[in-house]
Q: 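There's a structure below that I have some questions on.
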Amino acid sequence: MLLVRAAAVGALVLCGLYGVADALNVWVALGVGAVVLLAVWRYSWRGVTAVGLRVIGATLVAFLVMVGVALLLNLLLDLVHHIHPLRHLKIPIAVGLLIAMEAFALAAYWYLRRAGWEIKWSALVAVELAALVVLAAPYVVGRLNSDTTQVADAHLVPSQLDVLIVTDGSPHRAEVRPPPSPALGEFNVTYSVGYAAGDQVRWTLLDDKDPAAALDAIAEGGQRPPQTGQPTARPEADHVLLLYVDGTPPVGDPAKLPNVAAREGEVERWRRVAKSVALQAESRLPTFALLQTTAKRRLAQWKGFAPPNGPVSVQALGSQTAADAAVRLAIAAPTAQQDLALAMQYRPILLFDRRETAPRPLSITALFNEKRVRLCHDQGLARTTCDEPSSDPQLLESGGTHLRLDLPEAEALHRLALEEAAAETTSAAEPTAETGAAAVATLPEGLPPTGTVARGEDERKGSQSAIYVHPVSVSREGKELLYLDYWWYLPYNPVKLGGGALCGAGLVIAGVTCHTHESDWEGITVVVDRTGKVPQPVAVQYAQHSSVVRYSWSLLREKWDGNGEVESRIGGVGDASQRPLAFVAVGSHASYPLPCNRCRQFPDPRIPEEPHLGNLPWSGNDTNACGKSSCLQMIPTHEGGRRPALWNGFDGAWGELHCFLTYYCDSGSPPKSPGIQRRYEHPTWFDGYAGTDWRFHDAPSAE
């Protein structure tokens, strides 16, 4: 019987060592094993040293046994989950704590008894050690990591916009059915319209929420009777003034418009008009002068008109209506249309591993449209209240809040991804360069809405799935660089390192021993040099856990081109030669440039990484389908693209911790919105770059 017990403990210790080695690294496991052997071997020691060694040995052996038990329980649960009625079976946290306590205490008791301790002292010390490690450690760490700063008062995410449009007063034919404003997205916009009469403005529409009414007022111009009063400035809103200098009517293709010649004294006159517009809430109003010209000379005359915004060409902006132009200039950069075209051209090819539980990035707008999002208000450590499900991201509040998400089942997402990949393999023809260009042309004019679900023949393929981009222009060392910061949202982050032993029925310290959590925001950044006439990618920055690693484009192409394993993964993507590849690691979702099965993290090879074979491509990789379903979206911003807005500006967690009595959890903390994360705030930053020999070099970029 003694041999059986010893063999059982030995087997569990070995399982525990495997779990520690896989979850952390081999050296930590070897160090723990060495201390255990030392404590067992020195039986001749006496006094305090012997007692200390026995306690240390008992703690480490019991910890490894506990991890081994958790590992075996997780393996058993994985087998049970293959039985359909039991696929959601999970050990409650309280039950897991009891199992961990019992496994730890029994192992410690066995060790101390084998060391010659009396039954009474062995039992007492074993129970105390179990309480200290299993109960006290998570509590202490949780208390130390608790955010003690005062929570900011609740406030709505940036989502309101007051648009003021002043025209030259020239009338034109009203649109029977005005074209949609794709830039509007989920913003709450009011429109005020007036025309310049001399140096003053006569307002003909005040604070109306209907863009069609704004277009009607613009069409009537000076023939519309003026109203009494001034536009109202909402305290929480952004404000923008658009001077429609040439009175350009709505047009299908602004790029084909002829140039309008400059008028004598126009800059000084419109400067006086702009100064006559006053808002109660703002002394300085962001102002744009929209000119129907591409002539460099005329644009140069307006360059110092309203810094830092400057003049904007109707033809270059690409908006079909004044209402669309005003909204776009308020929420995104003036170059957003060109940025989006480059973002479409250089968007990443996402390659998941077939073992990924939910290999499909979700559309955030689809989550809201299906009312899968609840805003929850934190009230102390152990209490929270949640609102009813909402379809409106304008209602999100930051400050002591988080989201409760009704996410699609991982099994359903995995099955859909497999079906889409199979359909792509069997029926999709390879898109040529011409079809790829045509697909880009089918994108909506202006910015696409922040989450369009495809309709008709494309409703199934790629629907409710999207990735997002945040373009940032940077001038550096004589070069004009565009950082295309891509983000995608995955519903689950199940890290299986160590068999999930440190996230199961054992020692669980959220964010310390366990990094499994609800929701995951990941991505890469593509650096494009557009100094010359033809923009060229120069580097790709991969987000890999807490690091961002930069690879030169030439090095990546060298590794990809002619690589049979890589080319077999992207055979159905016709424009793959100009797009970066992102091999997504199972569970952790870190992005890598090459496939791998038995992996280590880069740059630190001591840390294990999940496989990323890339044998399950995302349906949005297909340029034709992506162009029709808007699988690439501009991430919501405001203040000319400089600050995050709507759900991107929400500062709470995307999901909930699963805890018992606040500090005893079986998951890590969910992430926050991209707009709150370092890579978004500093897209030019990287922690190191891969040299020509793929070694890691510590060379962060300068901000």
Side-chain angles (χ1 to χ4, degrees), residues 142 145-161 185-188 234-238 331-332 362 364-365 367-368 372-381 383-387 389-407 450-451 468-470 472 485 487-491 493 510-511 515 517-523 543 546 633-659 662 665 667-683 685:
N145 291 336
S146 295
D147 189 356
T148 57
T149 58
Q150 185 176 359
V151 177
D153 294 335
H155 55 280
L156 289 171
V157 295
S159 61
Q160 299 181 15
L161 177 62
E186 296 94 351
F187 281 86
N188 181 339
R234 293 179 292 176
E236 300 294 329
D238 288 359
I331 67 175
L362 299 185
I364 303 305
T365 296
L367 291 178
F368 277 99
R372 292 178 176 269
V373 181
R374 291 174 182 257
L375 179 68
C376 297
H377 307 265
D378 302 323
Q379 300 174 346
L381 292 174
R383 186 165 175 246
T384 186
T385 59
C386 297
D387 299 340
S390 174
S391 61
D392 190 352
Q394 297 177 25
L395 301 179
L396 293 180
E397 289 184 351
S398 294
T401 56
H402 68 272
L403 300 182
R404 178 175 293 175
L405 302 167
D406 176 19
L407 296 170
T450 54
Y468 298 86
V469 66
H470 175 223
V472 179
D485 194 22
W487 293 82
W488 46 84
Y489 173 78
L490 297 167
N493 188 79
H515 298 278
H517 52 74
E518 208 174 63
S519 300
D520 203 17
W521 279 105
E522 296 288 351
S546 60
Q633 304 293 328
M634 294 286 274
I635 207 162
T637 59
H638 71 130
E639 292 189 9
R642 292 183 293 273
R643 301 186 63 185
L646 295 168
W647 52 261
N648 186 39
F650 175 68
D651 69 2
W654 282 64
E656 297 182 305
L657 271 171
H658 301 147
C659 298
T662 305
C665 311
S667 69
S669 300
K672 295 190 176 184
S673 302
I676 312 299
Q677 298 190 34
R678 185 186 74 164
R679 186 166 64 88
Y680 182 96
E681 294 176 339
H682 307 285
W685 179 267

Q: Going by the rule side-chain contact (heavy atoms from CB on, under 4.5 Å), which residues pair with Ser390 if we only count those two or more places apart in sequence or in a different chain?
A: Asp392, Leu395
Q: To the nearest 0.5 angstrom, please state how far the CD atom of Glu236 sits from the NE2 atom of His155.
A: 8.5 Å
Q: Tell me, please, whether Trp487 has Arg679 positioned over its six-membered ring: NZ or CZ under 6.0 Å from the ring centre and within 45 degrees of its axis?
A: yes
Q: Report yes if some heavy atom in the side chain of Asp485 is under 4.5 Å from a heavy atom in the side chain of Tyr468; otherwise report no.
A: no
Q: Given side-chain contact (heavy atoms from CB on, under 4.5 Å), test Arg234 with Asn188 step by step and report yes or no.
A: CA-CA 11 Å; Arg234 293 179 292 176; Asn188 181 339; 3.2 Å; yes
Q: Among all residues two or more places apart in sequence or in another chain, which pass the side-chain contact (heavy atoms from CB on, under 4.5 Å) test with Ile676?
A: Asp651, Lys672, Ser673
Q: Suppose we screen for salt bridge (Lys or Arg N to Asp or Glu O under 4.0 Å). Which residues come up paired with Glu639, at least two apart in sequence or across chains?
A: Arg643
Q: Name all residues meeting the salt bridge (Lys or Arg N to Asp or Glu O under 4.0 Å) criterion together with Arg374; count only those two or more places apart in sequence or in a different chain, and write none if there are none.
A: none
Q: Can you give me the closest heavy-atom contact between Gly655 and Pro670, atom names plus distance?
A: C-CG, 3.5 Å
Q: Nearest 0.5 Å please: distance from the CG atom of Asn493 over to the CD atom of Glu518.
A: 11.0 Å
Q: Compare every heavy atom of Gly641 with every heavy atom of His470, then report the nearest pair and how far apart it is.
A: NE2-O, 3.6 Å
Q: Kindly say whether Arg642 contributes a backbone atom to a donor-acceptor pair with the side chain of Thr637 at under 3.5 angstrom?
A: no
Q: For the CH2 atom of Trp488 and the CD atom of Glu522, what is their distance to the nearest 0.5 Å?
A: 8.0 Å
Q: Nearest 0.5 Å, please: how far is NE2 in His682 from CD in Gln677?
A: 12.5 Å
Q: Apply salt bridge (Lys or Arg N to Asp or Glu O under 4.0 Å) to Glu397 and list each qualifying residue two or more places apart in sequence or on a separate chain.
A: none
Q: Check each of Thr401, Val157, Leu646, Leu156 against Leu396 using the side chain to side chain contact (heavy atoms under 4.5 Å, CB included) test, and report the only one that passes.
A: Val157
Q: For Asp387, check side-chain contact (heavy atoms from CB on, under 4.5 Å) against everything at least two apart and list the hits.
A: Leu375, His377
Q: If you measure only the distance, is there a donor-acceptor pair under 3.5 Å linking the side chains of Glu186 and Ser159?
A: no
Q: Any sub-3.5 Å donor-acceptor pair from Asn648's side-chain atoms to Ile635's backbone N or O?
A: no
Q: Suppose we call two aromatic rings close when their centres sit under 6.0 Å apart. Are Phe368 and Trp647 close by that rule?
A: no
Q: Between the side chain of Arg372 and the main-chain N/O of Leu367, is any donor-acceptor distance below 3.5 Å?
A: no
